[in-house]
Amino acid sequence: MAEAADLQGTTGPGPARRRLRRMAAVLAGAPLLAALLTMPPAHAAPAAPQQPARLAAANAAAKAPERGSVDVAIDTLSPNTPMEGDTLTVSGTVTNRGKETVGPATVDVRLGSRMSSRGQIDAVAKRGAFRSGADGEALGGSYRVRIPALPSGVSQDFSLRVPVDELGLDGEGVYQLGVTLSGRTPSEPYDQVLGIERTFLPWQPEATEKKTQLTYLWPLVSSAHLSAETGTDDQQTPVFEDDKLAAELAPGGRLERLVSLGAELPVTWVIDPDLLATVEAMTNSYQVKNGDQQVAGKNQAVAERWLDSLEKAVQGRKVVALPYGDPDLASLAHRGKEVSGSLSHLRPATDVAETAVETILHVKPSVDFAWPVDGAVDPSIVDVATSAGADKIIARGDSLRDDLSYAPNAARPIGGGTTAVVSDASLSTAFQGDMTRADSSTLAVQQFLAQTLALTHQQPGKERNIVVAPQRMPSAAQAQSMATALRALSAQRWSQPSDLVAAAAAKPDPGAATQVPGERRYPGRLRAAELPVATYRDVRTTQETLDDFAGILTQPDRVVTPFGNAIDRGMSTSWRGQAEAANGYRTGVLRHLKNLTAEVQLIDKSDLTLSGRSATIPVTVQNQLVQGIDRLTLRLTSTKPTRLKLNGDSSVAELPVRIDGGHSQSVKFTASAAANGRVPVTAQLFTPDGKRYGRPMTFTVEVSEITPTVMLVIAGGFLLLVLAGVRMYTQRKRAAADGGGEADDAPTDGGPGPEGGDGGPVGAGSDSAEDDRPGAASGPGQPSDPAPDTAAQSTAAPGQGEKVDR
């Protein structure tokens with residue numbers, strides 16, 4: 001009746017008086033209801049228009065869809081935590097989702113009852129359709145908005161201003177605050193609640209005697225953007241997989257908002273050092289992959305501004321550094337332990353983390369905290385976390401459950417000198433939804449504030465340390481909602497800000513759970529998203545390849561640092577749910593590393609011919625890296641030592657290899673022939689620890705031994721050639737003398753001499769006769785012995801079809 005009066009424009013009575021009138025109406029209708037119940041059943045049900053108005057309204061409410069046909073959204077509630085004398089402003093929109101026009105309609109504020117527990121808050125947040133008894137009475141009077149008509153599909157804004165004193169708050173605590181739209185439609189021409197939105201009103205006008213010490217973690221974590229590739233210059237220009245990080249760092253971006261908002265809030269910063277190193281790399285010259293090409297990065301200024309803002313924001317604050325790359329502890333514990341060497345990455349990642357944060361931000365971080373995904377723990381996760389040096393595990397209340405009627409202190413011992421810092425599950429998950437919508441954000445903020453007040457009222461005479469660990473990578477909108485909630489607590493009427501180090505050091509509650517749940521209780525949804533075993537096999541292969549490669553380099557840091565960091569990124573928590581992208585990143589790292597190792601290689605040789613008892617066999621090693629190599633060993637192996645021996649009397653010979661960057665070296669081995677025939681020879685490089693390096697190179701040596709008899713025949717034939725040459729020379733001299741010409745003018749083919757003389761001095765003929773005597777020297781024109789194709793210490797690489805003899 002009061003609602004009907006309000007719809008007709010009259011001013012309704014106050015809340016208490018309306019409650020009395022409603023009770024009187026119910027009592028007056030009791031006899032009528034009893035009479036109806038005692039009536040005999042009718043043969044046919046009456047038509048809907050002939051039903052009594054109250055009964056029709058009740059039936060309509062029972063048939064109403066969840067939350068009704070009108071969507072009510074509360075976009076703002078200000079102030080979030082009102083005090084006495086404040087005026088509450090509630091604004092939002094109503095949207096007709098039904099097929100009929102609603103009108104006339106009224107938007108009302110309704111105050112529900114005070115809630116006595118945190119569980120009631122959660123239950124109200126999940127409640128659906130309007131419940132007349134639970135959702136309270138409409139405040140009425142001037143605190144309502146009238147809407148003549150609301151057509152189907154149309155939205156209309158509303159704004160209500162209500163003095164807090166008019167709400168009838170009767171004690172400190174959390175109240176349900178609802179906004180409803182009541183109206184009628186052509187098919188149901190009677191007033192009914194067609195839509196409702198509920199939120200929460202924390203009411204604590206005076207400060208509590210004991211306040212909750214609230215620690216809020218503020219995470220700065222991102223996905224991997226930096227590759228393992230670097231330039232060949234002295235600065236080793238970094239190469240990025242993409243330039244998407246710039247959008248997060250730019251004004252309005254996710255990381256920019258986190259830093260800007262966090263700088264004004266009492267939070268504990270939780271930082272992945274890899275993000276800092278990546279942004280620092282962007283502040284200088286960098287390259288970005290673009291297909292098969294690389295283009296110059298252009299966001300140095302954006303990176304510099306963000307890093308400068310972060311450095312200022314963290315000064316004087318508590319900073320927790322995660323292990324470098326934020327490795328997935330649960331995946332390591334459940335999958336990585338199956339692959340040897342996987343856990344060995346954690347300790348170096350922790351050591352690098354401390355150095356990186358201190359160097360870049362100039363603050364000393366805490367590195368003794370481990371943060372598994374969603375705070376879910378089991379014994380194997382704890383073991384892995386502590387193996388990296390952490391003695392404090394950030395867990396969550398839905399993993400390490402308590403049976404207490406109140407929320408205990410976050411810290412509790414779990415054995416082995418390890419402390420679990422258990423975050424509050426409800427508070428930690430409060431802002432995980434879509435916070436881009438104003439109504440979602442407002443509801444999340446009010447529910448968070450309500451939970452903190454209810455938590456304080458659980459033990460009003462006891463001060464407790466509560467930790468909030470939100471999602472690892474909150475969006476910009478989620479960060480804004482988180483900041484709004486923390487600002488609303490700045491009055492410190494029931495909570496005070498604290499930090500993670502203090503929370504971990506607080507005295508544990510005696511009744512708090514300290515038993516870590518078994519592996520079977522680990523959430524299935526989290527286990528399904530873990531990194532696969534293949535991840536750690538790839539990591540092992542890459543690490544082994546890197547170790548072998550670094551062992552031969554004169555400047556190993558140029559390779560160890562970028563590839564070591566990339567290996568850590570390959571195990572990052574950020575890859576959860578991105579199996580294909582994660583595999584692509586790890587594969588790219590290993591491929592690039594193998595391409596670098598292939599820059600040091602053996603140059604293929606053609607087959608050789610060894611004529612003689614001994615010779616040298618050169619093998620060329622090429623180094624196309626920008627730095628030198630050292631400590632490599634080249635091993636040459638004769639597969640048939642009965643025919644060809646190396647370095648004296650062995651089938652295997654080894655020589656050290658040291659080559660400057662961009663050079664090649666010909667390594668020479670001594671070979672000796674024992675028998676004729678073909679001998680396959682294999683050349684292979686080895687690392688200092690005896691592992692094969694690169695692919696082997698095989699060639700064939702044709703052994704062709706020359707005996708003393710053969711040498712005599714060759715010498716005799718050579719002497720005959722010399723004598724024939726002497727005889728030809730003397731004959732030409734005689735011919736020149738008989739022709740009367742000068743010997744020097746005689747034609748080389750023995751023909752007539754020069755013009756003017758057939759004859760010449762008689763003495764010319766006698767001179768020729770003397771030259772024809774046996775044993776006469778041939779003079780300077782005598783040919784030399786043929787030189788071997790490859791001398792004993794020749795530095796030239798053998799050519800195609802080369803012949804090695806001595």
Side-chain angles (χ1 to χ4, degrees), residues 117-119 122 215 217 219 270 320 322-323 326-338 342-343 346 368-430 432 451 455 458 464-472 500 503-533 536 571 573 576-577:
S117 68
R118 300 181 66 188
D122 293 334
T215 297
L217 306 188
V270 181
V320 172
L322 299 173
D326 187 21
D328 190 333
L329 301 178
S331 295
L332 273 168
H334 299 155
R335 313 286 178 91
K337 64 184 179 183
E338 298 182 19
S342 297
L343 299 183
L346 281 180
D368 49 357
F369 287 89
W371 190 14
V373 174
D374 286 358
V377 294
D378 61 28
S380 64
I381 295 175
V382 173
D383 290 343
V384 166
T386 54
S387 71
D391 58 3
K392 302 175 185 66
I393 313 296
I394 303 173
R396 204 166 73 185
D398 52 356
S399 179
L400 205 63
R401 297 178 181 272
D402 294 299
D403 293 329
L404 302 175
S405 60
Y406 64 94
N409 280 342
R412 70 273 313 265
I414 55 175
T418 304
T419 299
V421 184
V422 182
S423 66
D424 187 271
S426 294
L427 299 179
S428 297
T429 57
Q432 288 186 355
Q451 289 280 1
L455 186 150
Q458 287 175 341
R464 284 166 291 157
N465 286 267
I466 302 299
V467 172
V468 180
Q471 57 272 33
R472 246 179 173 77
L500 188 60
K507 184 179 179 180
D509 281 67
T514 58
Q515 183 68 39
V516 177
E519 287 194 25
R520 291 185 178 181
R521 290 181 56 188
Y522 189 79
R525 62 177 181 83
L526 294 180
R527 191 181 294 274
E530 289 176 348
L531 306 182
V533 175
Y536 302 100
M571 299 184 291
T573 304
R576 284 196 168 219

**Prompt:** Can Tyr406 and Asp509 be said to form a side-chain contact (heavy atoms from CB on, under 4.5 Å), step by step?
**Reply:** CA-CA 11 Å; Tyr406 64 94; Asp509 281 67; 3.1 Å; yes
**Request:** Indicate yes or no: at least one non-hydrogen side-chain atom of Ile394 is less than 4.5 angstrom from one of Leu217.
**Result:** yes
**Derivation and outcome, salt bridge (charged side-chain N to carboxylate O under 4.0 Å, His left out), residues Arg412 and Asp402** = CA-CA 11 Å; Arg412 70 273 313 265; Asp402 294 299; 3.2 Å; yes
**Request:** Report yes or no: does Thr418 contribute a side-chain atom to a donor-acceptor pair with the main-chain N or O of Ile393 at less than 3.5 Å?
**Result:** no
**Asked** For residues Arg118 and Gln458, is any side-chain donor paired with an opposing acceptor at under 3.5 Å?
**Response** no
**Prompt:** Hey, does Glu519 have a side-chain heavy atom less than 4.5 Å from the side chain of Ser380?
**Reply:** yes
**Request:** Using distance alone, with no hydrogens and no angle criterion, decide if Gln451 and Asp122 have a side-chain donor and acceptor under 3.5 Å apart.
**Result:** yes
**Prompt:** Roughly how far, to the nearest 0.5 Å, is NZ of Lys337 from OG of Ser331?
**Reply:** 12.0 Å
**Message:** Within the structure provided, determine whether Tyr522 and Val377 are in side-chain contact (heavy-atom separation under 4.5 Å).
**Reply:** no
**Request:** Say whether, by atom type as modelled, one donor and one acceptor occur between the side chain of Thr429 and the main chain of Ala425 under 3.5 angstrom.
**Result:** yes
**Fill in**
Between the CG atom in Asp383 and the CG atom in Leu329, the distance rounded to the nearest 0.5 Å is 12.0 Å
**Request:** For the pair Arg576 and Asp374, find out whether any cationic side-chain nitrogen is under 4.0 Å from an anionic carboxylate oxygen.
**Result:** no
**Request:** Apply side-chain contact (heavy atoms from CB on, under 4.5 Å) to Val467 and Asp424, showing your working.
**Result:** CA-CA 6 Å; Val467 172; Asp424 187 271; over 6 Å; no
**Asked** Does any non-hydrogen side-chain atom of Asn409 lie less than 4.5 Å from one of Pro508?
**Response** no
**Asked** Taking Arg521 for the side chain and Asp378 for the main chain, is one N or O donor matched with an acceptor at less than 3.5 Å?
**Response** no
**Request:** Report the distance from atom CG of Leu526 to atom CG of Asp328, rounding to the nearest 0.5 Å.
**Result:** 9.5 Å
**Prompt:** Hey, what do you get for CZ (Arg525) to CD (Glu530), rounding to the nearest 0.5 Å?
**Reply:** 11.5 Å
**Prompt:** Tell me, do Ser387 and Leu346 make a side-chain contact under 4.5 Å, heavy atoms counted?
**Reply:** yes
**Asked** Distance from Ile381 atom CD1 to Thr386 atom OG1, nearest 0.5 Å?
**Response** 11.5 Å
**Message:** For Thr514 versus Ile414, what's the shortest heavy-atom pair and its separation?
**Reply:** O-CG2, 3.5 Å
**Fill in**
Taking every heavy atom of Ser428 against every heavy atom of Ala469, the minimum-distance pair comes out as OG-N, 3.0 Å
**Message:** Applying salt bridge (charged side-chain N to carboxylate O under 4.0 Å, His left out) to Asp326 and Arg472, what does each step give before you reach the verdict?
**Reply:** CA-CA 10 Å; Asp326 187 21; Arg472 246 179 173 77; 2.8 Å; yes
**Request:** Could you walk me through whether Thr215 and Asn465 pass side-chain contact (heavy atoms from CB on, under 4.5 Å), step by step?
**Result:** CA-CA 7 Å; Thr215 297; Asn465 286 267; 5.6 Å; no
**Message:** Counting C-beta onward and ignoring hydrogens, is there a side-chain heavy-atom pair between Thr573 and Pro327 closer than 4.5 Å?
**Reply:** no
**Request:** Could you check if a side-chain atom of Leu500 sits within less than 4.5 angstrom of a side-chain atom of Val421, using non-hydrogen atoms only?
**Result:** yes
**Asked** Minimum heavy-atom separation for Pro408 to Ile466, with atom names?
**Response** O-CD1, 3.6 Å
**Request:** Carefully, step by step, assess Leu531 and Tyr536 under the rule side-chain contact (heavy atoms from CB on, under 4.5 Å).
**Result:** CA-CA 9 Å; Leu531 306 182; Tyr536 302 100; 3.9 Å; yes
**Request:** Using atom types as modelled and distance alone, determine if a side-chain donor or acceptor of Ser423 lies under 3.5 Å from a backbone N or O of Val468.
**Result:** no
**Fill in**
Of all heavy-atom pairs linking Gln515 and Leu400, the shortest is O-CD1, 3.2 Å
**Request:** Grab the two heavy atoms, one from Pro523 and one from Ala376, that are nearest each other, plus how far apart they are.
**Result:** CD-CB, 4.1 Å
**Request:** Apply side chain to side chain contact (heavy atoms under 4.5 Å, CB included) to Ala411 and list each qualifying residue two or more places apart in sequence or on a separate chain.
**Result:** Thr419
